[in-house]
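What follows is a short report on a single structure.
These numbers come from the heavy atoms of this one structure, side chains and all, not from hydrogens, waters or symmetry mates. Note that the structure is a prediction, hence the values are computed from the model and not measured.
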Amino acid sequence: MASTTQIPIDLTTPSSSPSPAEADRVLDLSHLPPIYLLPTRLSEVTLHSLEQGLLGAGALLTYNPAEAGVVVGDVNTKRRGLLELRGRGVWSEEVIGGVDGGGEEEGLVKVVRIKWITEMLEKGEEVEMGRWVVYVGKKVAPPVVKEEGEKEEGEKEEGEKEEGDDHGEGGPAKKKVKREIGEAGDGVGDGKATASLKSPGQSILERAKLDAQEQSPHRYHRGRGTRHIRHDSEPSRRARPPLLHHTSTGEFEQIHILAQLRTVPDYVSQNLKYSCLRDTPLKPPNSHFISLLQTIRLARTLSLDAIGIRAYSTAIASIAAYPYPLLTSAELSTLPGCDGKTSSLFHEYIHSTPTFAGEEDDNRTIHVVQELEASEEFTTLRMFYGIWGVGVHTAREFYFKNGWRSLDDVVEFGWDSLSRVQQIGVKYYEEFNEHKIPRAEVERIADIIISAARKVGGEKWDGIVCGGYRRGKGQSGDVDIVLSHPEESLFEGNVGGKGGVAVEWVGRIVGELETAGWVTHTLYLGRGGGFGSQRIDHTTTTTAAHDKDTLAKAMLVWQEQEYNPPAELGEKNRNPHRRVDIILAPPSCAGTAILGWTGATTFERDLRRFVEKRWGWKFDSGGVWDRRTGERVKGLGDWRGMEGEGLVECEKRLLEELGVGWREPEMRNTG
DNA sequence: CGGCATACG
DNA sequence: CGTA
DNA sequence: GCCG
């Protein structure tokens, strides 16, 4: 019941696209009962403009004729009106004496000619509907026969595992308890230690996948070629009278019409699947739903499902680029990379808890996500995975093979089996994970690094912070800075076996920073810009990136030296430790390095797919390569610093040469 | 039903 | 295998 | 999981 609530949607969207509902309105039809537009004999264009006009006047539209108080259509006779209603599952008896416009008697439905609306829209003022009414009926129960409707997903009431033991965080591990780790299980995990690593049949991560499969696929048909948001005037879809179901259906239909009024973004209408070719802002309208998908994606990560990761990443990136709050799963299913599964998740999400106008929607949820958040397995694996130097495999080993459940377990039973960097990762677990880096601190760190580079290598060294900072995030997990120098000659010359002049430079710069006291640990120092540096002799292909086209990288732990103790804490430096990556690029690689290190991940993957498809090139942050010849594509990514080009300019030129076109870093937040 | 980004230690 |  |  109460199906005709206010449309619980704020059409105001952060970006562009004026909404008809926002237009200054002289004509105000908001007091009218819900209006249903009969699509019969109307073109889609006509229908659409009528909808827009009505919505612009604040009228309440519904796509459920059963809820309508007024039905408007190309109908001229009483009998026709009655039949149109009946054809849509609305049974009624004529009310003689009639009633007049405006009033909304319960259970009454009036069929009105279109002229009524067009006249109002032309005049800009309300018009008595009386003279246009062709039929007034009183709704009655249909003769028997009930139709099956959409099934509501069962809620709640699902496996409630005995969860309970909290492992209160464990805090940063400060103690280095020595312990033999040969007998992994002893004393730990009370028998849980036997669970299999590879195929834990009872694993919630596995079950979550199965659950998902069982759900009705809930597919929405999509058009070939140009894809439009499905229009409900399509007969097949219309056939079903969804009434007799409380709530949702009515809102669904009602909301649905709103979805049709929005300008379809190009990437949707053109079915454009490369996230590098469209804007993806940091804070998209559907960020809450996205965060739930990210949780599911993480579950896929933790269950070693690489393809699931790709699939969810694609969907997330697509939704993140969508400039409107999604209203229905049908609307969602028109986005590239979002089909049955994704839209069925949204269906569950949007119906999980009603959200009213003005409210945040973060009380909505998805069942499998709740299960994940409640499961010890998921939350513990996630925690282990958060240790720098611990990947999925190791996290699973900790959990399933060793039976560990907390950081304390790791320290107590496994410390000596950890690699050096893992030990560092554990030691600073909290600082790395909980304490994000404010932008101002990122900038300070960058200044110090650039200064160090200039000190050891001259004033022409320049740098640019990439990563999340460059994409506009207010807080960063780490600092990624790309350094370069405009003179090729600096990177030529001797090539020991170990890899290029760039490595020497990064060594000198890090040395300077260490000496100055900023670096507490060096996790890695050497070749590889992360996404590749060039190595020669791939096969026969000459090409040869020389070592002068090689990136170098340092991964550091950093700590601000200036410490102002709040008196009682003492003089020890308690500033949080920070993860800092320094990438050193010769000028020939500067553009690709910056583009490659700015991210986000899905943007990068799609960029590589696009460049491969469009040109047959291979992109990595050390250069652009022709796959056939193996040759480096000339000029791409070269920094013309000697000619006064800036680093950002260089990246811009590269993006254009790649056929991608310029995209602001702030618009590369593919989630 | 194959493909899904890429490279390095 | 881990990192990005 | 989605696409061609």
Side-chain angles (χ1 to χ4, degrees), chain A residues 209 212-213 215 217 219 222 224-225 227 271-276 293 296-297 300-301 304-318 332-333 335-345 384-397 418-422 425 466-468 477-480 482 498-500 503 523-535 538 545 550-555 579-583 589 592-593 595-613 617-625 627 670:
Chain A
K209 280 191 236 175
Q213 283 167 4
Q215 273 184 349
R219 298 188 79 88
R222 21 172 46 173
R224 289 266 156 241
R227 298 160 45 171
N271 195 20
L272 214 163
K273 290 180 296 299
Y274 296 94
S275 63
C276 55
L293 294 184
I296 299 176
R297 178 177 63 183
R300 298 308 171 93
T301 302
L304 300 171
D305 176 9
I307 295 313
I309 298 168
R310 173 70 234 201
Y312 276 93
S313 295
T314 303
I316 287 166
S318 188
L332 171 57
S333 70
L335 311 199
C338 303
D339 205 354
K341 180 57 187 297
T342 316
S343 77
S344 101
L345 288 172
F384 289 154
Y385 186 52
I387 301 171
W388 201 89
V390 171
V392 178
H393 289 268
T394 309
R396 293 175 66 88
E397 185 179 312
L418 299 179
S419 68
R420 187 185 79 96
V421 297
Q422 287 170 335
C466 297
D478 63 4
V479 179
D480 303 305
V482 173
K498 62 171 178 111
V503 175
L523 299 169
Y524 173 81
L525 198 161
R527 239 155 75 130
F531 315 97
S533 44
Q534 274 345 290
R535 328 147 329 147
H538 188 221
T550 303
L551 297 174
K553 174 174 69 170
M555 306 171 86
R579 279 275 303 107
V580 172
D581 291 340
I582 297 174
I583 297 85
C589 307
T592 49
L595 180 55
W597 275 81
T598 298
T601 301
T602 307
F603 181 95
E604 298 296 335
R605 295 172 76 160
D606 286 345
L607 175 70
R608 287 159 169 73
R609 284 198 308 129
F610 174 77
V611 166
E612 150 75 24
K613 192 200 71 154
W617 292 343
K618 182 163 62 66
F619 175 96
D620 63 54
S621 59
V624 180
W625 311 79
R627 286 185 191 272
T670 49

Nucleotide of [options] approaching [X] most closely (side-chain heavy atoms):
X: A:Thr342; options: C:dA4, D:dC2, C:dG2; answer: D:dC2
X: A:Tyr524; options: B:dG9, D:dG4, D:dC2; answer: B:dG9
X: A:Asn271; options: B:dG9, D:dG1, D:dG4; answer: D:dG4
X: A:Ile307; options: B:dA5, D:dG4, D:dG1; answer: D:dG1
X: A:Lys273; options: D:dG1, D:dC2, D:dG4; answer: D:dG4
X: A:Asp620; options: B:dT6, D:dC2, C:dA4; answer: B:dT6
X: A:Met555; options: B:dA7, C:dA4, B:dA5; answer: C:dA4

Are A:Glu612 and A:Arg608 ion-paired here, with the side-chain N under 4.0 Å from a carboxylate O?
no

Could you tell me the separation between the [atom1] atom of [X] and the [atom2] atom of [N], rounded to a whole number of Å?
X: A:His393; N: C:dT3; atom1: NE2; atom2: P; result: 11 Å
X: A:Asp480; N: C:dT3; atom1: CG; atom2: P; result: 14 Å
X: A:Leu551; N: B:dT6; atom1: CG; atom2: P; result: 16 Å
X: A:Arg420; N: B:dG9; atom1: CZ; atom2: P; result: 17 Å
X: A:Asp581; N: C:dG2; atom1: CG; atom2: C1'; result: 13 Å
X: A:Leu607; N: B:dC4; atom1: CG; atom2: P; result: 15 Å
X: A:Lys613; N: B:dC4; atom1: NZ; atom2: P; result: 14 Å
X: A:Ile309; N: C:dA4; atom1: CD1; atom2: P; result: 15 Å

Donor-acceptor contact present, side-chain A:Thr670 to main-chain A:Phe603, <3.5 Å
yes

Across the strands shown, which category fits [X] at heavy-atom distances under 4.0 angstrom: base, sugar-phosphate, nothing?
X: A:Arg297; result: nothing
X: A:Val390; result: sugar-phosphate
X: A:Gly389; result: sugar-phosphate

Residues forming a salt bridge (Lys or Arg N to Asp or Glu O under 4.0 Å) with A:Asp606, sequence neighbours excluded
A:Arg310, A:Arg609

Who are the salt bridge (Lys or Arg N to Asp or Glu O under 4.0 Å) partners of A:Arg297, not counting sequence neighbours?
none

Kindly compute the distance separating NZ (A:Lys273) from OG1 (A:Thr314), expressed to the nearest 0.5 Å.
10.5 Å

Using only side-chain N and O atoms of [X], determine if any of them is under 4.0 Å from OP1 or OP2 of [N].
X: A:Arg627; N: B:dT6; value: yes
X: A:Lys341; N: D:dG1; value: yes
X: A:Arg608; N: B:dC4; value: no
X: A:Thr314; N: D:dG1; value: no
X: A:Arg310; N: D:dC2; value: no
X: A:Trp388; N: C:dA4; value: yes
X: A:Lys618; N: B:dA7; value: yes

If we take the C1' atom in both B:dA5 and C:dT3, what is their distance in whole Å?
14 Å

Contact summary for A:Cys338 and A:Leu332, nearest pair of heavy atoms:
CB-O, 3.6 Å

